[in-house]
Amino acid sequence: MAGVSLKCGDCGALLRSVEEAQEHAELTSHSNFAESTEAVLNLVCSSCGKPCRSKTESDLHTKRTGHTEFVDKTSEATKPISLEVPKVAATEVEGEVDASTSQSEEMVVPEVDKKLLEELEAMGFPTARAIRALHYSGNASLEAAINWVVEHENDSDIDQLPMVPANTKVEAPKPSLTPEQLKAKQQELREKARKKKEEEEKRMEREREKERIRVGKELLEAKRIEEENERKRSVTTFIYLSSQAERRRRLGLPPEDPSAAKPAAPVVEEKKTLLPIKPVTKVEQMRECLRSLKQNHKDDDAKVKKAFQTLLTYIGNVVRNPEEEKFRKIRLSNPSFQERVGALKGGIEFLELCGFEKIEGGEFLFLARDKVDVTVLHSAGAELDSAIKNPFFGVL
């Protein structure tokens with residue numbers, strides 16, 4: 001079989017023509033080439049039609065674009081290689097007679113930043129493509145070269161070496177700014193950054209205010225629902241007692257004596273009543289926890305209010321985003337948490353009443369997803385909202 005490519009004996013690269021071999025030699029200083037029957041791969045992307053000359057190049061294309069289907073058209077593009085000296089080379093040989101004329105028309109590969117070229121090749125980019133990207137991006141940076149490749153990856157000449165006249169002068173770097181101009185430029189940039197930061201802070205404050213209003217409405221609604229349920233329970237209890245009294249009247253029984261209905265408590269039970277009565281429901285426990293927190297730090301109302309607001313934020317975040325683990329996990333050693341809640345006696349206890357548990361040796365407070373009780377969290381929010389707005393909370 002006739003040769004269909006030239007193989008570099010130094011690095012093993014397959015080249016389609018003598019011109020490519022000459023370009024490869026100029027770039028790498030390799031000079032050992034031999035005719036080969038191994039064809040240069042032509043893997044065409046089924047999605048965008050981009051040709052790839054090697055498996056490495058197709059893998060890189062897949063990584064950048066996500067395209068995974070390629071059609072092997074190597075046999076269609078394969079043709080016997082011609083070992084004739086290119087006309088350009090012949091012209092250059094003849095041009096030796098008139099050196100001045102050939103010098104003005106000679107085309108060469110442009111010089112690029114060697115360090116950036118090595119980095120692009122290490123990332124898997126073909127040498128020709130890397131040189132082309134660096135040349136047209138002005139050797140500015142690695143990022144600029146990669147952006148140029150992404151924007152021009154569908155160009156038909158993406159893998160051809162760029163050529164420039166040999167006497168092309170490299171552009172001189174732009175003159176540097178004077179100290180005064182540099183100082184003015186820095187001041188301008190700082191001013192722009194300051195204005196941008198102020199605008200961002202104002203926007204965030206508006207968002208926070210909207211969020212506070214929304215959370216407040218949700219908590220008020222939860223409190224209203226709880227009060228309505230309590231009212232219904234009271235009405236139900238009243239109806240039940242009334243029906244019991246009516247039933248006794250119809251049966252001719254005397255009205256039930258409240259004092260006689262309940263047997264005297266045993267002596268043992270009387271001893272238990274000597275201890276302070278603890279709240280029975282979780283809501284009462286939460287209220288007592290907040291009252292204790294305020295009384296323990298009654299000399300610093302600002303710190304207590306900040307603790308209540310921080311707890312309200314934690315509860316509100318979980319209610320709005322129960323699936324987000326970051327809102328259900330608190331690092332106890334976090335300085336901000338310690339300053340606002342952790343250092344105040346009763347803060348961590350309140351979160352534990354809401355369902356948070358200590359994990360990983362007490363390093364985190366964590367509320368498992370399956371233990372998120374929205375009703376309990378709404379009640380906690382209502383208690384916090386009441387504690388914040390009621391100036392007499394915890395005083396008595």
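Values reported hereafter were calculated over all heavy atoms of this structure, with side chains retained and with hydrogens, waters and symmetry mates removed. Note that the structure is predicted; figures quoted are calculated from it, not measured.
- Here E357 pairs with K371 under the side-chain hydrogen bond (donor to acceptor under 3.5 Å, both in side chains) rule; sequence neighbours left out.
- With N229 contributing its side chain and I225 its backbone, the two residues share a donor-acceptor pair below 3.5 Å.
- The closest side-chain heavy-atom distance from C48 to T65 is not below 4.5 Å.
- Residues Y240 make up the rest of the hydrophobic cluster containing L241, defined by ILVMFWY side-chain heavy atoms closer than 4.5 Å, directly or through other members.
- The backbone N or O of I158 sits nowhere less than 3.5 Å from a side-chain atom of D155 that would complete a donor-acceptor pair.
- Under a 3.5 Å cut-off, the side chain of N321 and the backbone N or O of E324 do not form any donor-acceptor pair.
- For R287 and E284, the salt-bridge test fails: no basic side-chain N is under 4.0 Å from an acidic carboxylate O.
- For residues 138-157, the ring pair (Phe, Tyr, Trp, His ring centres under 6.0 Å) pairs, not counting sequence neighbours, are Y136-W148, W148-H152.
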Next on the checklist: Would E383 and R291 count as a salt bridge (charged side-chain N to carboxylate O under 4.0 Å, His left out) here? Give the steps.
Outcome noted: CA-CA 10 Å; E383 292 301 323; R291 186 180 293 110; over 6 Å; no
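- Scanning for ring-ring contact (aromatic ring centres under 6.0 Å, His included) contacts around F366 gives an empty result, with sequence neighbours left out.
- Residues that satisfy the side-chain hydrogen bond (donor to acceptor under 3.5 Å, both in side chains) test with E200, not counting sequence neighbours, are R203.
- Checking T127 against E121 by side-chain atom types alone, a donor-acceptor pair falls below 3.5 Å.
- A 6.0 Å sphere centred on CD of E201 holds more than 12 heavy atoms belonging to other residues, nucleotides or ligands.
- Other residues, nucleotides and ligands place no more than 12 heavy atoms under 6.0 Å from the NZ atom of K7.
- Note on residues 338-354: no pairs pass salt bridge (charged side-chain N to carboxylate O under 4.0 Å, His left out), not counting sequence neighbours.
- Atom CD of E143 has 12 or fewer neighbouring heavy atoms from other residues, nucleotides or ligands inside a 6.0 Å radius.
- At a threshold of 4.0 Å, the pair D301-K305 does not count as salt-bridged, since none of the basic side-chain nitrogens sits closer than that to a carboxylate oxygen.
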